[in-house]
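Computation of the quantities below employed the complete heavy-atom set of this structure, encompassing side-chain atoms and omitting hydrogens, waters and symmetry-equivalent molecules.
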Amino acid sequence: MKISVQYIIIVCLSIFTFSSCEKTIDRPDQWPDWPNISQPKIENAKLTGPNNESSINAGQSFKFTAYISDIYNDLVSMDLTISINNRIVFQEEVPLTGKEADVHIQGHLPFIANFTGPAVPVVKLTAINNEVGGKTEMILPEEDNITVNRPQTPDKLYVVDNLGQVFELFPIEGLEHDFITNDDLSDFGQSFKIAEKLSGGNKIDYTGTVWGTKDGEIISIGDESGSPILVSSSEKVKKIAFNTYSFIVSGAAPAIIIDKGDFIVSTYEGYKSLNLSLSKGDELEFVGFGDDVSGILRPDFFINISENKANFDGQAGEYTLHYNESNGFVYIENPAKTFPDALWMDGTGLGFPQPPYIATSGWGWDKPTDYIFCKKTAEGVFEAVIYISPGFGFKFFTRKGWESSEYPEYKAHNFTVTPSELIQPHKWTPETWDGNGDLTPGSAFTPGVYKIEINVNEGTNTIKLIAFN
């Protein structure tokens, strides 16, 4: 075998070079310990009643237990988040140390407005260790979860003001959830709570349902630390009325007068408009619209409608009411609101949810009959009550207007849509090159008034259609 002189020279030079470099390497006395990548392990997680019950009423306490461990890295924390009706009702972060921990959390699961029950809450667990990326997330399986029921509506309730005075709330005949006082309230205090039970004559018994406020919203509270409901009227309180489904209180603030004569000529032809500030629960009195406004208002934004009065059931903010001089309907919107504070619907086959039930929308933003302003019910959750006709097709928009890079539209096929026999996403297909992301009728769809619920929270993304009675 012949070996060229050049080959021998290259090999020798390579050996020499390697030997020379090897002598210049600065070897550390000890190589550093590389971290072991790991994620915490969540085991035996369970949500129960305080005595291990599998079912409790909303407004009662609960118990959560879990075992958290990590083979290689120390634990830092575990976060427990409980949601009902797409709303976070409990959240607590527990600091952890070491490589294993038994977690025990006790808390109050509040009774929230518009809760029907029974429902299994969504329980999200997040465990974190002390290394980058060392996080484990899980949703508690239903078999380890609890069922939450709606408490039975009591025969009588009590209003207890900040002066310690007690006034009874009696059921209103013919109404399932409504109560009202019959007493003289001329000496009523500046704040109050509503209780199902009393102890010792005039003390609130927190073993029953008690309503107060949290973050400005009326909700059930578990103990004396809960904030009361404030009286915002400068005049003497004449009555207190309370609805145990919507949690709306009437009488603690003066009614807002919505006078047809205060509406001015609108930028929309054939409409008159009024701008005003509204808060959830506001009592509204409509003047000049006739003796019964139940047939001219949207039933998602206006509830407890009786004769010419109603309560507002939307988020606090600035709104515009548009009165249509032809059909008599009152449309509501906040034209400046964008996502995440608002969501808009546009398309065909949609109409006002009142007789004579006519579809008026038509892929435009030129007048209130063209589009639907959705009501925000929680972070990332919206709803609208609308009339839907056969052959409908519509999308959701993050602003009042067409899609842009700043305000994209929501493609229907990015959602889980139910029930599929009533509504379905129109998906793009390469065969037809047709698929604009609209929501379209399912095989069993029939025209009528529906409530559509939209959840755009990350990892949820659901659209649900519910027949509205």
Drop me the distance from [X]'s [atom1] to [Y]'s [atom2], to the nearest 0.5 angstrom.
{"X": "F64", "Y": "M78", "atom1": "CZ", "atom2": "CE", "answer": "4.5 Å"}
{"X": "K63", "Y": "L47", "atom1": "NZ", "atom2": "CG", "answer": "10.5 Å"}
{"X": "L321", "Y": "F302", "atom1": "CG", "atom2": "CZ", "answer": "5.5 Å"}
{"X": "L465", "Y": "L422", "atom1": "CG", "atom2": "CG", "answer": "6.0 Å"}
{"X": "F352", "Y": "Y387", "atom1": "CZ", "atom2": "OH", "answer": "14.5 Å"}
{"X": "I37", "Y": "N73", "atom1": "CD1", "atom2": "CG", "answer": "7.5 Å"}

Under 3.5 Å, is there a donor-acceptor pair between the [X] and [Y] side chains?
{"X": "D184", "Y": "S186", "result": "yes"}
{"X": "T81", "Y": "Q91", "result": "yes"}
{"X": "E318", "Y": "S277", "result": "yes"}
{"X": "N149", "Y": "S55", "result": "yes"}
{"X": "E131", "Y": "Y72", "result": "no"}
{"X": "S225", "Y": "D223", "result": "yes"}

Verify whether the ring centers belonging to [X] and [Y] lie closer than 6.0 Å.
{"X": "F373", "Y": "W344", "result": "yes"}
{"X": "F392", "Y": "F445", "result": "yes"}
{"X": "F397", "Y": "W365", "result": "yes"}

I'd like to know whether [atom1] of [X] has more than 12 heavy-atom contacts from other residues, nucleotides or ligands below 6.0 angstrom.
{"X": "E224", "atom1": "CD", "answer": "no"}
{"X": "E143", "atom1": "CD", "answer": "yes"}
{"X": "Q152", "atom1": "CD", "answer": "no"}
{"X": "K124", "atom1": "NZ", "answer": "no"}
{"X": "Q106", "atom1": "CD", "answer": "no"}
{"X": "K99", "atom1": "NZ", "answer": "yes"}
{"X": "D102", "atom1": "CG", "answer": "yes"}
{"X": "L276", "atom1": "CG", "answer": "yes"}

>> Before you tell me yes or no, could you show the steps for I221 and K214 under side-chain contact (heavy atoms from CB on, under 4.5 Å), namely the whole-Å CA-CA distance, both residues' side-chain angles and the distance that decides it to 0.1 Å?
In response: CA-CA 8 Å; I221 54 179; K214 181 180 180 182; 5.7 Å; no
Heavy atoms, side chains only, cut-off 4.5 Å: are [X] and [Y] in contact?
{"X": "T460", "Y": "V122", "result": "no"}
{"X": "V237", "Y": "F167", "result": "no"}
{"X": "V159", "Y": "L157", "result": "no"}
{"X": "T462", "Y": "F415", "result": "no"}
{"X": "N145", "Y": "V123", "result": "yes"}
{"X": "L198", "Y": "D205", "result": "no"}
{"X": "F242", "Y": "T244", "result": "yes"}
{"X": "Y357", "Y": "P447", "result": "no"}

> Of the options V210, N202, V166, which is the one that meets V160 in a side-chain contact (heavy atoms from CB on, under 4.5 Å)?
Replying inline: V166
> Of the options N243, I240, N311, which is the one that meets V249 in a side-chain contact (heavy atoms from CB on, under 4.5 Å)?
Replying inline: I240
Which atom pair, heavy atoms only, marks the closest approach of [X] to [Y]?
{"X": "L75", "Y": "P40", "value": "CD2-CB, 3.9 Å"}
{"X": "P299", "Y": "Q354", "value": "CD-NE2, 4.3 Å"}
{"X": "S61", "Y": "P50", "value": "O-CD, 3.3 Å"}
{"X": "V148", "Y": "N57", "value": "CG1-C, 4.3 Å"}
{"X": "L278", "Y": "Y319", "value": "CB-CD1, 4.1 Å"}
{"X": "F312", "Y": "L284", "value": "CB-CD1, 4.1 Å"}

Under 3.5 Å, side chain of [X] to main-chain N/O of [Y], donor-acceptor pair present?
{"X": "E383", "Y": "D300", "value": "no"}
{"X": "T440", "Y": "Q424", "value": "yes"}
{"X": "T153", "Y": "H177", "value": "no"}
{"X": "S389", "Y": "G349", "value": "yes"}
{"X": "R298", "Y": "P353", "value": "no"}
{"X": "K193", "Y": "I204", "value": "no"}
{"X": "N162", "Y": "Q190", "value": "yes"}
{"X": "N457", "Y": "E379", "value": "yes"}
{"X": "D161", "Y": "L163", "value": "yes"}
{"X": "Q315", "Y": "K376", "value": "yes"}

> Between N86, N461, T377, which is the residue that forms a side chain to side chain donor-acceptor pair (under 3.5 Å) with N455?
Replying inline: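 One option only clears the test, and that one is N86.
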> Taking it one step at a time, do S250 and K239 satisfy side-chain contact (heavy atoms from CB on, under 4.5 Å)?
Replying inline: CA-CA 8 Å; S250 302; K239 66 177 178 67; 4.1 Å; yes
>> Using a strict threshold of under 4.0 Å (side-chain N to carboxylate O), is an ion pair present between K41 and D70?
In response: no
> Should the pair K156-E168 be classified as a salt bridge under the 4.0 Å nitrogen-to-oxygen rule?
Replying inline: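 The answer is yes: the pair qualifies as a salt bridge.
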> Can you check ring pair (Phe, Tyr, Trp, His ring centres under 6.0 Å) on F382 and F396, steps first, answer last?
Replying inline: CA-CA 11 Å; F382 303 84; F396 294 101; 8.9 Å; no
>> As a quick check of understanding, evaluate side-chain contact (heavy atoms from CB on, under 4.5 Å) for V330 and I258, giving each step before the final call.
In response: CA-CA 11 Å; V330 176; I258 299 179; over 6 Å; no
> Would K309 and E307 count as a salt bridge (Lys or Arg N to Asp or Glu O under 4.0 Å) if you check the C-alpha gap in whole Å, the side-chain angles of each, and the deciding distance to 0.1 Å?
Replying inline: CA-CA 6 Å; K309 293 184 178 180; E307 297 178 344; over 6 Å; no
>> Before you tell me yes or no, could you show the steps for S361 and M345 under side-chain contact (heavy atoms from CB on, under 4.5 Å), namely the whole-Å CA-CA distance, both residues' side-chain angles and the distance that decides it to 0.1 Å?
In response: CA-CA 10 Å; S361 64; M345 298 171 61; over 6 Å; no
